[in-house]
There are 2 protein chains.
Amino acid sequence: MENKEQPSKEQLILAAAEYEFLTKGYDGARTTSIASAAGVTHAMLHYYFRTKEQLFERIVDEKFRTVSHAMFNIMGDPSLPIMERIKCGIETHFDFIAQNPLLPRFVINEIITRPERYEVLHKRLESFVKNVFKSLQDEIDQEAALGKIEKIDIKMLFISIMSLNTFTFVAYPFIEPLMGELMVDREQFLSSRKAENVEIIIRRIKKQ
Amino acid sequence: MENKEQPSKEQLILAAAEYEFLTKGYDGARTTSIASAAGVTHAMLHYYFRTKEQLFERIVDEKFRTVSHAMFNIMGDPSLPIMERIKCGIETHFDFIAQNPLLPRFVINEIITRPERYEVLHKRLESFVKNVFKSLQDEIDQEAALGKIEKIDIKMLFISIMSLNTFTFVAYPFIEPLMGELMVDREQFLSSRKAENVEIIIRRIKKQ
DNA sequence: CTTTGCATTAACAAAATTGTTAGACATAAT
DNA sequence: ATTATGTCTAACAATTTTGTTAATGCAAAG
């Protein structure tokens, strides 16, 4: 019977594997290390998942689903006015990355080393993203024609938002030591960083 | 004697190792694969560099030096007016990343898996960066006091610039398939992306 | 032409990592 | 009580990857 207080060995292994793969990547991860972190013998790991590869697939599947799911929320509520919608999208995206700080590097490294696996995720996102881009671009073009905002390519805007929201987390260990007191209070920093990213994008769009 | 047309085995190995390590990371790299890419037996690799670790050190050293050297150029010419200086710094940084597109991911992964090695690079950059930040901040504060530009924390600006310039290259395989025609002509895309990044930062600083 | 020293290879050895198996053990069904 | 089933372990096996060595070649110095 499923007990919430006593996770099964299988769940323990999955949790340990997730952390190991996300921090060290496929090549850096060790099945023995995963097993011992999960508190089981490494034969156990092979018993449940047969191979390292299959265990990895489980993690990749789940993480790709997480990303895919997040993309749907990030695009913002179409009923909001465009400025509000973009602002809300940025904040949702930022919060998602903040809660999954290891994910971007993992996904990127994974896609680079095994591009074929990305096709599944890409296919799932492709038409959705294209549609949202198109509707956002139409709305932007309309507002721009009225002189209310700058005319801008939504794809460029998208790249900018992704860059601003993601890079801090990916490069955290690189920049943190260079930042002095700025990043010592993590909560404080993240909140002002989020506001900054919104500000940057709003200013980019606002008519001058 | 050193011949420019016939690189030595040692140089061949170093070149192959650089590519292997930059694309696959330390864990993913194989000494046999490096050797065969260099067209030598793998015993040869061990003859010249003894261990994978030592070969890797050579590459890391060189790449960290490259980054360190780049940082000095990126901070811009102090004799220029602040706007020009920042614009020029952004462009220099962008061009550097464009010419070393594999470097950011390598450096980040390397720092995450072996933070102790970063201390050498960090120490070299620390005081320089702090000084440049301070002089830039002073200049910004002066201009802001005159109402010419927005008051802004240079460190925040620095993170924004790094993010915008770097993320595209790090996440290239992730975003490229989502971008339709935008990125098909790479040269064209990079040039407009560079201009966009400058535009974004300038708008962030300009007084509204 | 012989010695010296570095470059090179092939074959081998060691280590690390992944994967398997036979059997033990518990638990629940028959 | 016996059987069946899934869980688990310890020991072992296979594979992959790294590292070594002894022997060979080769070119320059003496």
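Lettering of chains follows the sequences in order, A, B, ..., and the numbering in each one begins at 1. Keep in mind that the numbers below use all heavy atoms, side chains included, and drop hydrogens, waters and symmetry copies.
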Pairing of B:Glu196 and A:Arg204 as salt bridge, 4.0 angstrom limit: yes

Sorted by number, the residues of residues 45-54 of chain B with heavy-atom contact under 4.0 Å to DNA chain C: B:Tyr47, B:Tyr48

Segment of DNA chain C, first to last nucleotide, that comes within the 4.0 Å heavy-atom reach of chain B: C:dC6 to C:dA10

Closest non-hydrogen atom pair between A:Pro81 and A:Glu139, with its separation: C-OE2, 4.4 Å

Side chains of B:Met71 and B:Arg124 in contact at under 4.5 Å (non-hydrogen atoms): no

All pairs passing ring-ring contact (aromatic ring centres under 6.0 Å, His included) where residues 63-89 of chain B contributes a residue, at least two apart: B:Phe72-B:Phe128

Range-with-range stems for DNA chain D, at least three Watson-Crick or G-U pairs under 3.5 Å: C:1-30 with D:1-30

Selection residues 163-184 of chain B - residue pairs positive for ring-ring contact (aromatic ring centres under 6.0 Å, His included), sequence neighbours left out: A:Tyr118-B:Phe174, B:Phe94-B:Phe169

Cationic N near anionic O, under 4.0 Å, A:Glu62 to A:Arg58: no

salt_bridge(B:Glu53, B:Arg114) N-O dist < 4.0 Å: yes

Of residues 26-43 of chain A, the positions that come close to DNA chain C - non-hydrogen atoms, cut-off under 4.0 Å: A:Ala29, A:Arg30, A:Thr31, A:Thr32, A:His42, A:Ala43

Within residues 177-189 of chain B or reaching into it, pairs that qualify as side chain to side chain donor-acceptor pair (under 3.5 Å) - sequence neighbours excluded: A:Lys155-B:Glu181

Residue pairs passing the side chain to side chain donor-acceptor pair (under 3.5 Å) test where at least one lies in residues 40-50 of chain A, sequence neighbours excluded: none

Side-chain ion pair, B:Asp138 and B:Lys134, N-O less than 4.0 Å: yes

Salt bridge flag under 4.0 Å for residues A:Glu150 and B:Arg203: yes

Qualifying side chain to side chain donor-acceptor pair (under 3.5 Å) pairs, either residue in residues 80-89 of chain B, two or more places apart: none

ring-ring contact (aromatic ring centres under 6.0 Å, His included) contacts in which one or both residues fall within residues 6-37 of chain B, not counting sequence neighbours: B:Phe21-B:Phe56, B:Tyr26-B:Phe56

Short N-O contact, B:Asp27 and A:Lys24, less than 4.0 angstrom: no

Covered region of DNA chain D, 5' end to 3' end, by chain A [heavy atoms, under 4.0 Å]: D:dG6 to D:dA10

Extract all donor-acceptor atom pairs below 3.5 Å that involve side chains of residues 104-112 of chain A and protein atoms in other chains or at least two apart in sequence.
residue	atom	partner	partner atom	Å
A:Arg105	NH1	B:Asn109	OD1	2.6
A:Arg105	NH2	A:Thr23	O	2.9
A:Asn109	OD1	B:Arg105	NH1	2.6
A:Asn109	OD1	B:Asn109	ND2	3.3
A:Asn109	ND2	A:Arg105	O	3.3
A:Asn109	ND2	B:Asn109	OD1	3.3
A:Glu110	OE2	A:Arg117	NE	2.9
A:Glu110	OE2	A:Arg117	NH2	3.1

